[in-house]
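Down below is the structure, laid out as structure tokens.
Bear in mind the structure is a predicted one, so any value in this text is a computation, not a measurement.
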Amino acid sequence: MVGRALSAGSDLVGQYGVGNALERGVDILNDRKQGMSPEWRKEWEDAFEIAQNEAKEHFFRCPRCKHYVCEADWNEQDNLCVECAPRENVELTAIRAERMVDEMRDKAENANVFKGNIEKANFMS
């Protein structure tokens with residue numbers, strides 16, 4: 001149940017953003033709980049609260065842009081999201097790769113390639 005709640009929450013975050021995701025999530029979850037017993041609802045609410053608390057540990061709010069991002073998009077050294085503070089090693093690697101491709105293109109453009117005509121030889125005469 002916890003896994004399903006986390007999965008639904010991550011889908012909502014991806015589609016609607018965090019603020020809208022919470023509103024939409026509450027609507028969906030309320031629809032799913034209609035007709036269930038009070039015991040079931042209590043157990044469900046407890047499990048959902050546990051799932052929310054577990055998920056919160058994996059998201060950070062950037063103090064600069066105010067967006068919530070997952071661990072993969074968080075620059076832990078600068079305590080900002082990678083949009084506001086790109087990781088130095090990632091950017092450096094990307095710049096090196098771009099430079100390497102540019103140099104390969106320059107070499108290919110300046111390469112001496114034969115462009116003359118080759119005539120067909122007649123060996124039968």
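- The distance from the CD atom of Glu54 to the CD atom of Gln52 is 11.0 Å, given to the nearest 0.5 Å.
- Around atom CZ of Arg64, no more than 12 heavy atoms belonging to other residues, nucleotides or ligands sit under 6.0 Å away.
- Cys81 has its side chain out of reach of Tyr68: every pair of non-hydrogen atoms, C-beta onward, lies at least 4.5 Å apart.
- Counting heavy-atom neighbours within 6.0 Å of His67 NE2, excluding the residue itself, gives a total of 12 or less.
- A side-chain hydrogen bond (donor to acceptor under 3.5 Å, both in side chains) check over residues 76-98, counting only residues at least two apart or in different chains, returns the pairs Asn75-Asp78.
- When every heavy atom of Trp74 is checked against every heavy atom of Val69, the shortest pair comes out as CE3-CG2, 3.7 Å.
- Rounded to the nearest 0.5 angstrom, Glu49 CD and Trp44 CH2 are separated by 11.0 Å.
- The shortest side-chain heavy-atom distance between Asn53 and Glu57 does not fall under the 4.5 Å cut-off.
- Among all heavy-atom pairs drawn from Arg41 and Met36, the shortest one is CD-O, 3.8 Å.
- Between Glu109 and Arg105 there is no salt bridge, since no side-chain N of the basic residue sits under 4.0 Å from a carboxylate O of the acidic one.
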